[in-house]
J.: 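Pasting a structure below so you can have a look.
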Amino acid sequence: MKYQNYFFDFDGTLYDTYPGMVKAFCEAFSKQGKKLDPKEVYQVMRSRSVREAYRRYTTPELDEAKLHADYKNFEARYQKEAHPFSGAQKLLEKIKASGGQSFLLTHRDKSSLALLKRDGLVGFFCDFSTADDGFKRKPDPEALNYLVSKYGLVTSESVMVGDRSLDIEAGHNALMAGVLFDPDKKIPATLEVEQRVQNLIEIM
């Protein structure tokens, strides 16, 4: 393996959660009479973030608090349908077998750990940073810096793996490399990244 320490994003990187996220988002807005284009919502979520999607589609006549509550409820239901991307388990197995370490760094709460446990993947990780920890959101490197310090890691031997530019930027801000998982080529080629893959197994 090229690196010793691998930091993984969850949504859209290890797990294909976007279908449920988009469906939940559109349903939340639909409850207040606003119809959204799922393909457009997906593009915004993938290239930017869920927060950016809210900023783009929320208008003054909508109840924003209810939007968030409805989305959370719908998404919690749909996330049970999410499964790891092809190659995720093989990559995690390879990292562990080669003596490397894997960490989870996600904006999702600890529900991400429940999915990892369900699919027998949680044991591949040395530690986790979720939304429940209260760190600043990516691309701020606060969570990465915390884990690097906690485990005495060498940043030149570490890499952040994610599906969005903010994941790569977070890695670079923490002075480590970035691998972009871009299965449907939604991220502009102008993004500076050490490696760009369409299948997680390519990281091996």
Side-chain angles (χ1 to χ4, degrees), residues 3-18 20-21 24-25 45-46 48-55 64-65 67-80 82-85 88-89 91-92 95-96 100-181 200 203:
Y3 302 98
Q4 179 69 20
N5 314 301
Y6 291 77
F7 294 85
F8 289 97
D9 172 53
F10 185 83
D11 292 295
T13 300
L14 288 175
Y15 275 68
D16 187 12
T17 53
Y18 281 118
M21 291 166 64
F25 193 86
M45 286 185 176
R46 265 281 280 127
R48 301 291 296 173
S49 65
V50 175
R51 284 192 172 188
E52 177 60 29
Y54 274 117
R55 282 192 287 268
E64 188 169 0
L67 284 175
H68 285 269
D70 287 339
Y71 170 73
K72 185 175 181 179
N73 289 333
F74 288 139
E75 204 276 329
R77 183 190 312 161
Y78 295 135
Q79 83 170 17
K80 297 175 183 178
H83 292 281
F85 278 103
Q89 181 167 339
L91 175 59
L92 292 169
I95 292 170
K96 188 171 184 177
Q101 301 181 97
S102 294
F103 300 85
L104 185 72
L105 184 67
T106 176
H107 288 163
R108 184 180 286 275
D109 60 21
K110 289 183 180 179
S111 62
S112 56
L113 306 189
L115 289 177
L116 290 172
K117 290 177 182 177
R118 181 197 70 186
D119 297 320
L121 301 179
V122 72
F124 290 109
F125 293 88
C126 298
D127 208 343
F128 316 87
S129 176
T130 71
D132 298 309
D133 295 321
F135 290 118
K136 294 177 182 176
R137 295 171 67 88
K138 296 173 286 188
D140 193 290
E142 185 177 29
L144 284 171
N145 291 339
Y146 169 78
L147 291 171
V148 166
S149 177
K150 180 179 179 179
Y151 290 91
L153 307 179
V154 179
T155 54
S156 62
E157 298 175 351
S158 307
V159 62
M160 178 71 210
V161 182
D163 67 297
R164 296 177 294 176
S165 59
L166 59 81
D167 296 310
I168 306 306
E169 291 166 13
H172 288 170
N173 289 338
L175 304 180
M176 63 178 66
V179 171
L180 178 69
F181 174 54
L200 291 172
I203 299 174

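What you are looking at is a predicted structure, and each value in this text was computed from that prediction instead of being measured.
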J.: Are any of the side-chain nitrogens in Glu52 or Arg55 under 4.0 Å away from the carboxylate oxygens of its partner?
T.: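 Yes, this pair counts.
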
J.: Measuring from Phe125:CZ to Leu105:CG, what's the distance to the nearest 0.5 Å?
T.: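 Nearest 0.5 Å value for the CZ-CG distance: 11.0 Å.
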
J.: Tell me, with the steps shown, if Met21 and Val50 meet side-chain contact (heavy atoms from CB on, under 4.5 Å).
T.: CA-CA 9 Å; Met21 291 166 64; Val50 175; 3.5 Å; yes

J.: Which heavy atom in Gly12 sits nearest to a heavy atom in Thr17, and how many Å separate them?
T.: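 The pair with the smallest heavy-atom distance is N-OG1, 3.7 Å.
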
J.: Would you give the length of the straight line joining atom OH of Tyr3 to atom OG of Ser102, rounded to the nearest 0.5 angstrom?
T.: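 Here the interatomic distance stands at 14.5 Å.
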
J.: Enter the distance from Arg164:CZ to Met45:CE here, rounded to the nearest 0.5 Å.
T.: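 Here the interatomic distance stands at 10.0 Å.
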
J.: Check for a donor-acceptor pair, side chain of Ser158 on one end and backbone N or O of Val154 on the other, with a separation under 3.5 Å.
T.: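 Judged by distance alone, yes, a pair lies under 3.5 Å.
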
J.: Restricting to non-hydrogen atoms, name the atom on Leu144 and the atom on Ala170 that form the minimum distance, rounded to 0.1 Å.
T.: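 Smallest interatomic distance, heavy atoms only, reads CD1-O, 3.4 Å.
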
J.: Which atom names give the shortest non-hydrogen contact between Met176 and Thr155, and what distance separates them?
T.: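 Minimum heavy-atom separation between Met176 and Thr155: CB-O, 3.5 Å.
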
J.: If you count heavy atoms of other groups shown closer than 6.0 angstrom to CZ of Arg77, is the number above 12?
T.: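 For Arg77, atom CZ is crowded (more than 12 foreign heavy atoms under 6.0 Å).
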
J.: Please report the interatomic distance CG(Asp11) to CG(Asp163), rounded to the nearest 0.5 Å.
T.: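 Answer rounded to 0.5 Å: 8.0 Å.
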
J.: Under 3.5 Å, side chain of Glu169 to main-chain N/O of Pro139, donor-acceptor pair present?
T.: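 Not confirmed, Glu169 side chain does not pair with Pro139 backbone.
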
J.: Restricting to non-hydrogen atoms, name the atom on His107 and the atom on Ala131 that form the minimum distance, rounded to 0.1 Å.
T.: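 Looking at all heavy atoms of both residues, the shortest contact is O-CB, 3.0 Å.
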
J.: Can you tell which of Tyr18, Tyr78, Tyr54 makes a ring-ring contact (aromatic ring centres under 6.0 Å, His included) with Phe25?
T.: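 It is Tyr54, the one option of Tyr18, Tyr78, Tyr54 that forms the ring-ring contact (aromatic ring centres under 6.0 Å, His included) with Phe25.
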
J.: Go through Leu91 and Phe124 one step at a time and tell me if the side-chain contact (heavy atoms from CB on, under 4.5 Å) criterion holds.
T.: CA-CA 10 Å; Leu91 175 59; Phe124 290 109; over 6 Å; no

J.: So, are Lys110 and Asp132 salt-bridged, with charged N and O less than 4.0 Å apart?
T.: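 Asp132 and Lys110: not salt-bridged.
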
J.: Is the backbone N or O of Arg137 less than 3.5 Å from a side-chain atom of Asp140, with the two atoms forming a donor-acceptor pair by type?
T.: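 No.
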
J.: Does Arg118 use its side chain to pair, donor to acceptor, with the backbone of Lys80 at less than 3.5 Å?
T.: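 Yes, Arg118 side chain to Lys80 backbone: donor-acceptor pair under 3.5 Å.
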
J.: Taking the six-membered ring for Trp, are Tyr6 and Phe8 parallel (under 30°), tilted (30 to 60°) or perpendicular (over 60°)?
T.: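 Tyr6 and Phe8: parallel rings.
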
J.: Any donor and acceptor pair, going by atom type alone, linking the side chain of Asp119 with main-chain N or O of His83 inside 3.5 Å?
T.: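 Flag not set: sc Asp119 to bb His83 has no pair under 3.5 Å.
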
J.: Please test Leu14 against Leu104 for side-chain contact (heavy atoms from CB on, under 4.5 Å), starting from the C-alpha separation and ending with a verdict.
T.: CA-CA 10 Å; Leu14 288 175; Leu104 185 72; 3.8 Å; yes

J.: Just do the side-chain contact (heavy atoms from CB on, under 4.5 Å) check on Asp167 and Lys138 with the steps written out, would you?
T.: CA-CA 6 Å; Asp167 296 310; Lys138 296 173 286 188; 2.7 Å; yes

J.: At their closest point, which heavy atom of Thr106 faces which heavy atom of Phe10, and how far apart are they?
T.: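 Result for this residue pair: OG1-CB, 3.5 Å.
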
J.: What are the two closest heavy atoms between Ala82 and Asp16, and how far apart are they?
T.: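 Shortest heavy-atom contact: CB-O, 3.9 Å.
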
J.: May I have all residue pairs that pass ring-ring contact (aromatic ring centres under 6.0 Å, His included) and include part of residues 140-166, sequence neighbours excluded?
T.: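 Sorted result for residues 140-166: Phe103-Tyr151, Phe135-Tyr146.
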
J.: Donor-acceptor pair, distance only, cut-off 3.5 Å: does the side chain of Asp133 make one with the backbone of Thr130?
T.: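 Answer holds: yes.
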
